[in-house]
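The structure appears below as structure tokens.
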Amino acid sequence: MPVMNIIQAVNDALRTEMRRDDTVVVFGEDVGKFGGVFRATQGLQEEFGSERVFDTPLAEAGIVGMAIGMSQNGLRPVPEIQFADFIYPAIDQLVNEASKMRYRSGGQLTCPFVIRTPYGGGIRGGHYHSQSPEAYLIHTPGIKVVVPSNPSDAKGLLISSIRDEDPVIFMEPKRLYRAARGEVAEGDYSVALGEAALVREGGDITIIAYGAMIPTVLDAAEKAAAVDGIDSDVLDLRTLMPYDIAAVLESVEKTGRAVIVHEAPRTCGFGAELAATISEKALLSLNSPVLRVTGFDTPFPYTLESEYLPNERRIRKAMRDSMSF
Amino acid sequence: MPVMNIIQAVNDALRTEMRRDDTVVVFGEDVGKFGGVFRATQGLQEEFGSERVFDTPLAEAGIVGMAIGMSQNGLRPVPEIQFADFIYPAIDQLVNEASKMRYRSGGQLTCPFVIRTPYGGGIRGGHYHSQSPEAYLIHTPGIKVVVPSNPSDAKGLLISSIRDEDPVIFMEPKRLYRAARGEVAEGDYSVALGEAALVREGGDITIIAYGAMIPTVLDAAEKAAAVDGIDSDVLDLRTLMPYDIAAVLESVEKTGRAVIVHEAPRTCGFGAELAATISEKALLSLNSPVLRVTGFDTPFPYTLESEYLPNERRIRKAMRDSMSF
Amino acid sequence: MSDTIAGIIDEKGKVRSGAVVPEIGRDDLIRLYRAMLLNRRVDERMLTLQRQGRISFYVGAAGEEGAIIGSAFAMQDKDWLIPCYREAGAAFLRGYSLTDFTNQLFGNSEDKIRGKQMPCHWASRELRLASVSSPVGSQIPHANGFGLAAKFTGRKEVALVYFGDGATSEGDFHVACNIAGVYKAPVVFFCRNNQWAISVPVEVQTASETFAIKAKAYGIEGVQVDGNDVLAVFQVTAEAAERARKGEGATLIEAITYRQGAHTSSDDPRAYRSEDEVAVWKKKDPIDRFRLFLVDQGHWSAGQDKKLEGELNEEIQTAVRAAEKLGPPDIKTVFEDVFEEMPWHLREQLDELNETLDSEVE
Amino acid sequence: MSDTIAGIIDEKGKVRSGAVVPEIGRDDLIRLYRAMLLNRRVDERMLTLQRQGRISFYVGAAGEEGAIIGSAFAMQDKDWLIPCYREAGAAFLRGYSLTDFTNQLFGNSEDKIRGKQMPCHWASRELRLASVSSPVGSQIPHANGFGLAAKFTGRKEVALVYFGDGATSEGDFHVACNIAGVYKAPVVFFCRNNQWAISVPVEVQTASETFAIKAKAYGIEGVQVDGNDVLAVFQVTAEAAERARKGEGATLIEAITYRQGAHTSSDDPRAYRSEDEVAVWKKKDPIDRFRLFLVDQGHWSAGQDKKLEGELNEEIQTAVRAAEKLGPPDIKTVFEDVFEEMPWHLREQLDELNETLDSEVE
Ligand SMILES: Cc1ncc(C[n+]2csc(CCOP(=O)(O)OP(=O)(O)O)c2C)c(N)n1
Ligand SMILES: Cc1ncc(C[n+]2csc(CCOP(=O)(O)OP(=O)(O)O)c2C)c(N)n1
Ligand SMILES: [Mg+2]
Ligand SMILES: [Mg+2]
């Protein structure tokens, strides 16, 4: 199997689906000739022409609005929002239009599209090139949210997302775009939505994370095993809405302890939902409170971003706190 | 003290502050001559003139954007967003601009404004006249969120919000606009932000709610006391960001049980944050899992809205489930 | 009528000097008239039902039927119509049944959208009527998607999107028209300038000379038409659709008309506008004018009109009686149509609700 | 130069026939020139620092200094400037110090915005320079607020807001201009049309004939100016500011210019545009042209230029050396400036972080 980084895996997934299904179209700011500011769509315009891969004016609401219309009239749009930080001008289109289309038409009309968008920190991007807006989206009924953490999942999940009949926000961990490399199956290859992956097994504690936090969590888990003597299950959720409750409960009921890790601010973040649900459904299994290691409840800072982002030290501290509760 | 409904209390608060401080200005769709579709700004244009109370074009991003500029240049804007459902076109202005202004300028520039907006269901408003978007706002660092449940608090909290140095979203429970009546202090009167009110005392269980859910919760609490023999503390949070953690923990540590009630969808709603925090900080005090009675994870339906909204039956069932855990 | 505003028949139903009446057969003329009258009578009836508390809410179109129905008539069946909340008339013309419409108002068990939305928020995939939503302007960007999807797959469909004068102030109007300009999208942007956005008059909505002139900002065609002249509206819309179909790009049509009634059943316009203004516009009523034209041209008579009124009344009566008898949709519909398949958390929530309903409280 | 595009000096620095040179004293002319040159030299130096990995990111303005600085020069000190990320030159002209600017690039302990934002995202309340943010166009609606706040409190301030050609496609541009039209807000909307929005050329941005013509949609003034002609830019901006100050409303200025360099230090324009195009525009360089004009008018000489270059180099060197020496801001700044007072949850999070930092891990 070829070895790829996440950018290449995304590109491969788009190419695979565009070859298989000629209703798949790609558009967004700078995605055409330039191939995207992260180069995820490089070469697609050459192969598929400028009716299937094209640049748009600088207008996120227009991009998503167009995807809403196209997806109701026979196309499978896969627009790009250049940074997740810039999805907000299109939030009304997502919250009030796309997410409710199936519901409000009594199932007559649907919006099968995928918005690809790079998210998260760690690239010295400050407030506006670092945000992780998943909680806003997960709180919006009718939208699926998918976040891969490695090239193989990036390809497999993107293909599943494109084939899904509901609107999907596909959040790509930009910090890992080139840093995460691995083998990726050639051609048609998919990973089902809604299924978590247990990426490390250990019986002491469960760490739940996704996307760009996975390598950090795995490092922390190894260090914790080696130094602190704490052996953890690490669960990569992969799909956040709907998430894999069975996998979460199975692990937490086994370990009795859970730490949730994400980059987004803590308050009302997705970690809150996970912690609330685990505490509700598995209270009697819990040996200690579910802890959250997250971005702080501040805008994303610039100079001190490595203090802001969950890192190995904070994760290990939470693991130790949980173990010694 | 005069008896008022919430509309009148809001009107009174605006009038009081506009008389006291001539930098307070009010604007929005239909708020001028007409006095607002709910009539909350009635008579203000007559008294204060059309430079201080005026209609705007139909553009929420423009309204909030204007408030951002005004508040940095000496005014205290109190714009209205006609329904909370229509705040989304302005979300980018809130998330990327207003909420980060103090932070990103290192404290040099601030946005002291208050957005008043009616929220919530129960008026047969369907998807678009019923939403409760507080979780999106609470998850956004730099914004305060205030939700009164009665006329007296509506006046006192609105006055505090206008005097606050940070952007405040003041969510008015439209279902109670005319239904909730009560005595309201005349003239200058404020209720501090960040302080919950214990609106019912009972030792068995804590119910935490806010805004339009308070009367429903109080009814349920009375019925539960009378019929089910469950005597509850009811906490009206009043301010959701920053919320009164001390009051929450004090009650829950006493009762050992908590039920959270809100109208917004459950997943990643504010109830998730409360449940996660309570479960983390008070795990050893808990005799049963923290339960959530909320709107379901669907768009707000029309015909079956009373099934969708938390009601007395659902709240009492959660109370009984909690007691019998 | 100004030089720059397209018009064919005047307020007395006479053909304006120099104007050319579009070639529309008698049957179609009567179909147009019937749809307009149906729209008016449905509105009257439903507003009454609303006042009686039998439905919760209603949006009428009195005064704007010429704009709404004339434009819809210019489109082919394969073309998508993307309405806002005031375009029931366009749906009726296209064959949307009064039964479906009325069931939606009641949100009953036969409602095609399953009780999910407020009255007047219908949809019909079959008839290529996009789903109505309440947020002002948010439907406009969809039109580019509907139109370009057809263009990219070689289908010669045009998308027509309706919105009000107020909607032009939203960002969504702008991004949509601008994108349409860049791609020469096969779209007709149809602005019903009914002079008011609830209580806000057009002067407070924009300082531009006209709404049509806004087309200049997008390099698309812009045209003003007498919106109370159904034939003129048909004519300019047909031309715009033709241009779009030929790949020549989008048009912004401003139909100058008037909202004779309240904004919706929740509104009371006496608080913000004069009865005199309303009276002036009632004299320009699109239905009266078109009736005079039909009679003048020998296509119609008072007797036929009376008969038609009777028919419509009967039809409406029947639909309302049937709709009112039906109960609400099943409880599980609340949880359906969120996603294609119901995920675990919604199944759980449905179970939870059923349990509560079953539990013997009281 | 077309008839409809304002211009005063040509590409050789000669006064165009029929053009009237605005009355600006020699000192001010040199001040203008100095700011432009400073902007250019700062950009060059900082882009080098970025390539060396000493700062993380940089946004240059090469080619656009005439537009940026000419317009800022037309405003009074009491007027707010609302920049996007490319307007450092306007800040320099206003007195924003190189020290402050450089500290911000390093996000160090002396940074006036306390390390909170990426390089080139400065702010100065004192100098009435609004805070730079990255989202394209989102600053535009603020201008109405800044302007109207002054108007409503009887202060004769004007707000000037900068944005690019790409920004005109966003809804925020539209809602801002439209609202300005309705209230005759004292605002100047200044569009730097530098032909590109990253890799997207203006033809893909809009089909409108010009950017200035978009003013028609809002009933405000619209004017095109040669953006590489600092005097013409000054002239049209001064006129617009004057109109705004007199209560006559807003103006949309389109300054036609060119982004000679990469979009930012993260970009490589060779992937999407030709060197030939760049070469053509380099011949129209605003600084070269203005220098020729100054020499031609007897205000400036090669010797003086050399001396100035030396001074600027020295100044920049000094600022960089000093800034680079400083450490990061204190850890608690991460939690400050979210609210006026730090609420409990942020205090808790700060404590948590401090504990982690203190804890003897490893
Ligand atoms: C985004 C948004 N803001 C506000 C509202 C409340 N609202 C409903 S209709 C309306 C006025 C619309 O006026 P116009 O676009 O002229 O259409 P008309 O009702 O006159 O047909 C307003 C402000 C809304 N539905 N959506
Ligand atoms: C809302 C938003 N969308 C996308 C981006 C990414 N982006 C940054 S600059 C830019 C191009 C801006 O072009 P223009 O407005 O012409 O300004 P210029 O950079 O040419 O000065 C884009 C797409 C952004 N910052 N904000
Ligand atoms: Mg209108
Ligand atoms: Mg540009």
Side-chain angles (χ1 to χ4, degrees), chain B residues 22-23 25 27 51-52 54-75 77 89-90 92-93 95-113 141-144 164-167 193-194 241-246 277 281, chain D residues 80 82 104 111-117 121-126 128 130-135 137-153 155 157 159 161 170-172 174-176 178-183 185 329 333 336-341 343-346 348:
Chain B
D22 61 16
T23 67
V25 295
F27 49 91
E51 278 204 343
R52 291 186 64 197
F54 57 95
D55 286 329
T56 62
L58 214 172
E60 290 75 13
I63 293 170
V64 174
M66 189 154 68
I68 292 172
M70 284 177 167
S71 57
Q72 290 179 82
N73 200 17
L75 295 185
D92 187 51
Q93 286 294 332
V95 171
N96 274 333
E97 295 291 329
S99 72
K100 296 178 169 54
M101 194 60 75
R102 182 189 287 277
Y103 201 74
R104 79 185 200 205
S105 65
Q108 296 179 73
L109 295 160
T110 58
C111 292
F113 64 73
I143 293 179
K144 292 185 177 169
D164 199 86
E165 296 300 325
D166 289 302
L193 303 191
M241 170 53 69
Y243 70 95
D244 190 344
I245 183 73
T277 299
K281 292 188 188 287
Chain D
W80 279 88
I82 301 149
Q104 199 281 319
D111 174 8
K112 288 275 160 38
I113 67 159
R114 314 180 84 204
K116 299 288 173 72
Q117 285 213 78
H121 287 66
W122 37 269
S124 173
R125 182 191 163 91
E126 204 189 326
R128 305 210 144 206
S131 159
V132 177
S133 73
S134 319
S138 51
Q139 75 283 15
I140 312 178
H142 307 177
N144 290 326
F146 280 102
L148 291 171
K151 181 173 171 182
F152 293 166
T153 51
R155 292 176 280 138
E157 301 163 12
V161 58
E170 289 281 5
D172 279 344
H174 173 75
V175 302
N178 189 54
I179 288 178
V182 169
Y183 302 132
T333 59
E336 288 173 343
D337 306 320
V338 180
F339 295 108
E340 189 191 22
E341 284 169 33
W344 67 268
H345 64 291
L346 287 175
E348 237 180 61

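Each chain gets a letter, A, B and so on, in the order the sequences are listed, and its residues count up from 1.
If you tally non-hydrogen atom pairs under 4.5 Å between each of D:Gly171, D:Ser124, D:Ala185 and chain B, the highest count goes to D:Ser124. Considering only heavy-atom pairs separated by less than 4.5 Å from chain B, the leading option among D:Lys116, D:Lys112, D:Gln117 is D:Lys116. With respect to chain D, the highest number of heavy-atom pairs below 4.5 Å among B:Pro242, B:Ser105, B:Gly194, B:Ala59 belongs to B:Ser105. Between chain B and the options D:Ala123, D:Ala149, D:Ser134, D:Gly147, the largest number of non-hydrogen pairs under 4.5 Å is found for D:Ala149. With respect to chain B, the highest number of heavy-atom pairs below 4.5 Å among D:Leu346, D:Val175, D:Ile113 belongs to D:Ile113.
Contact annotation for B:Lys100: neither backbone nor side-chain heavy atoms come within less than 4.5 Å of a heavy atom of chain D. Only the backbone of D:Thr333 comes within contact range of chain B, with at least one heavy atom under 4.5 Å from a heavy atom of that chain. For D:Val182, the part lying near chain B is the side chain, with the backbone staying farther off; criterion is any non-hydrogen pair under 4.5 Å. For chain B, the nearby part of D:Trp80 is the side chain; its heavy atoms alone come within less than 4.5 Å. Of the two parts of B:Leu58, neither the backbone nor the side chain holds a non-hydrogen atom closer than 4.5 Å to a non-hydrogen atom of chain D. Only the side chain of D:Glu157 comes within contact range of chain B, with heavy atoms under 4.5 Å apart. Contact of B:Glu51 with chain D is made through backbone and side chain together, with heavy-atom distances under 4.5 Å. In this structure, chain B has no heavy atom under 4.5 Å from any part of D:Glu170. The parts of D:Ala150 that come within reach of chain B are both its backbone and its side chain, each placing non-hydrogen atoms under 4.5 angstrom from that chain. If you measure heavy-atom distances from B:Ala67 to chain D, you find no contacts under 4.5 Å at all. With a 4.5 angstrom heavy-atom cutoff, D:Ser138 touches chain B via backbone and side-chain atoms both.
Without hydrogens or angle criteria, B:Arg104 side chain to B:Asn96 main chain gives a donor-acceptor distance under 3.5 Å. Listed for the B:Glu60 side chain is no donor-acceptor partner under 3.5 Å among the backbone atoms of B:Pro89.
In this model, a donor atom of one side chain and an acceptor atom of the other lie less than 3.5 Å apart for D:Asp172 and B:Gln93. Under the 3.5 Å distance criterion, with hydrogens and angles disregarded, no donor-acceptor pair is assigned to the side chains of B:Thr110 and B:Gln72.
With ring centers used as reference points, B:Phe27 lies 6.0 Å or more from D:Tyr183.
The closest side-chain heavy-atom distance from B:Arg102 to B:Glu165 is below 4.5 Å. Two residues are said to be in side-chain contact when any heavy atoms from C-beta on lie closer than 4.5 Å; D:Val161 and D:Gln139 meet this criterion. In this structure, the side chains of D:Glu340 and B:Asp164 stay at 4.5 Å or more apart for every pair of heavy atoms.
Annotation: B:Arg52, atom CZ; neighbour count of heavy atoms from other residues, nucleotides and ligands within 6.0 Å is above 12.
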Trace of the ring-ring contact (aromatic ring centres under 6.0 Å, His included) decision for B:Phe54 with D:Phe152: CA-CA 12 Å; B:Phe54 57 95; D:Phe152 293 166; 5.6 Å; yes
